[in-house]
Amino acid sequence: MPELPEVEVTRRQIRRVLVGRTVSGVETTRASYFFLTRPAELKARLVGRRFVELERVGKYLLAELDDGSHLLLHLGMTGQLFAAGATSPRLLSATAKRALAPDAQASFAPDAHTHLVLTFREKGPNVYFRDVRKFGKVAWIAKGREHERLSKLGVDALRANGETLWEATRKRSAPIKTVLLDQGVIAGIGNIYADEALFLAGVRVTRPARRLTRAECDAVIAAAQRVMKRSIQTGGSSISDYVRPDGSDGGYQDERRVYARTGEPCSKCGTAIQRLVIATRSSHFCPSCQR
DNA sequence: CTGTCCCTGATT
DNA sequence: AATCAGGGACAG
């Protein structure tokens with residue numbers, strides 16, 4: 001699932017095909033909660049506008065247009081943003097995959113899950129936003145306005161420090177895992193990197209947040225930043241649906257220490273990795289290394 | 001602060 | 001055919 005590293009990898013690749021290009025057409029699926037801004041308005045706002053920048057805020061992508069307005073995107077759980085020409089079975093519907101001969105090179109064609117297609121005046125690929133479960137979001141933001149989804153976010157995970165977590169945890173009895181997933185405290189950490197960071201810091205996912213020491217807060221943030229930076233370098237984690245905008249898999253799933261490794265031996269001590277559910281999210285940890 | 005819900009494909 | 005996965009808004 002896309003968390004900060006996957007969104008950042010996406011940003012870097014999509015930025016190259018987006019910035020400097022002028023929208024000539026906007027195609028969408030029918031109105032749904034996926035579109036915080038209705039398809040008709042989205043089209044009216046975007047056509048004729050030129051993209052000038054693509055930034056990341058937590059797990060959101062924020063594209064700036066030449067009139068000072070912005071296009072806000074969230075990939076949700078299964079969102080995929082890519083340019084035309086990307087080929088990967090992960091980008092195809094099950095029907096399309098079944099139709100493929102073994103080893104056949106598939107080329108992407110928009111399917112029922114492709115909710116947004118941007119075409120441009122300038123030569124180059126289209127940009128597609130595909131999202132099977134439709135937990136992603138698209139919104140247009142007028143010049144000078146800030147979307148409430150952005151104003152709710154805490155400090156970006158790559159800019160946070162131990163102090164950020166220390167202050168946020170003092171009065172919270174919820175498990176530390178829950179606080180790390182709270183985008184209003186630190187923006188960008190999701191289920192995979194929360195588990196990985198807590199493993200590297202030696203802190204059990206269930207520990208009441210207020211019971212962390214200052215040193216442990218420093219360690220957790222340092223570990224979170226280390227794993228996320230490393231993940232960005234390797235192209236993100238392709239565990240379920242995520243693919244890079246060029247259609248290729250990321251590499252970080254091979255470096256995971258605990259996430260989705262239930263029952264496998266801990267890489268440090270050999271104890272079986274355990275899984276339990278915290279606030280409806282699956283959580284993985286080493287019962288020996290994490291206290 | 002935790003449970004429910006949105007959605008669909010994979011799995012049982 | 002029922003269950004599971006999960007980001008984030010919302011309800012209780």
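Labels below follow one simple rule: chain letters A, B, ... track the order of the sequence lines, proteins then strands, and each chain is numbered from 1. Fair warning: this is a prediction, and the values are worked out from it, not measured in the lab.
- A donor atom on one side chain and an acceptor atom on the other are not found under 3.5 Å apart for A:T22 and A:R121.
- The existence of a salt bridge linking A:R214 and A:E163 is confirmed by a sub-4.0 Å separation between a basic side-chain nitrogen and an acidic carboxylate oxygen.
- Cation-pi geometry between A:K268 and A:F199 is met: under 6.0 angstrom from the ring centre, within 45 degrees of the axis.
- Side-chain N/O atoms of A:R281 and base N/O atoms of C:dG8 include a donor-acceptor pair closer than 3.5 Å.
- Across all strands, A:E3 comes closer than 4.0 Å to no nucleic acid atom at all (heavy-atom distances).
- Using a 4.0 Å heavy-atom distance criterion, A:R275 is classed as a sugar-phosphate-only contact.
- Protein atom CZ of A:F34 is 14 Å distant from nucleotide atom C1' of B:dT8, rounded to whole Å.
- Of the side-chain N and O atoms in A:H113, one or more sit less than 4.0 angstrom from OP1 or OP2 of B:dG9.
- Whole-Å rounding puts the A:Q183 CD to C:dG8 P distance at 4 Å.
- Atom P of nucleotide C:dG7 and atom CG of A:D182 are separated by 13 Å, given to the nearest angstrom.
- Comparing A:G76 and A:E148 by the nucleotide of DNA chain C whose heavy atom lies nearest to each, the residue mapping closer to the 5' end is A:G76.
- With B:dC7, C:dG8, C:dG6 as the choices, the nucleotide that has an atom nearest any side-chain atom of A:N191 turns out to be C:dG6.
- The distance from atom NE2 of A:H147 to atom P of C:dA9 is 10 Å, rounded to the nearest whole Å.
- Between A:F129 and A:H115, the ring center distance fails the sub-6.0 Å criterion.
- By the 6.0 Å contact criterion, CZ on A:R159 is open, its count of non-hydrogen atoms from other residues, nucleotides or ligands being 12 or less.
- Distance, A:K134 NZ to C:dA9 P: 19 Å, rounded to whole Å.
- Toward the 5′ end of DNA chain B lies the nearest nucleotide of A:T178, the other residue of the pair A:T178 and A:F135 mapping further downstream.
- Distances shorter than 4.0 Å separate none of the side-chain N or O atoms of A:K152 from OP1 or OP2 on C:dG8.
- Put simply, A:H74 has a side-chain N or O that comes within less than 4.0 Å of OP1 or OP2 on C:dG8.
- Residue contacts shown for A:D131 are absent, as no nucleic acid heavy atom lies under 4.0 Å away.
- Using a cutoff of 4.0 Å between basic side-chain nitrogens and carboxylate oxygens, A:D67 and A:R45 are not scored as salt-bridged.
- Each of C:dA9, B:dT2, B:dC1 was ranked by its minimum atom distance to the side chain of A:Y60; first place goes to C:dA9.
- Here the P atom of nucleotide C:dC10 and the NZ atom of A:K137 are 10 Å apart, to the nearest Å.
- In terms of polar N and O atoms assigned as donor or acceptor, the side chain of A:R133 comes within less than 3.5 Å of the base of C:dA5 in a complementary pairing.
- Of the candidate nucleotides C:dG7, B:dT8, B:dC1, C:dG7 has the atom lying nearest to any side-chain atom of A:K59.
- Remark: A:Y259 is in phosphate contact with C:dG6, judged by side-chain N or O atoms under 4.0 Å from OP1 or OP2.
- Looking at which nucleotide of DNA chain B each of A:K171 and A:T280 is closest to, the 5′-most match is held by A:K171.
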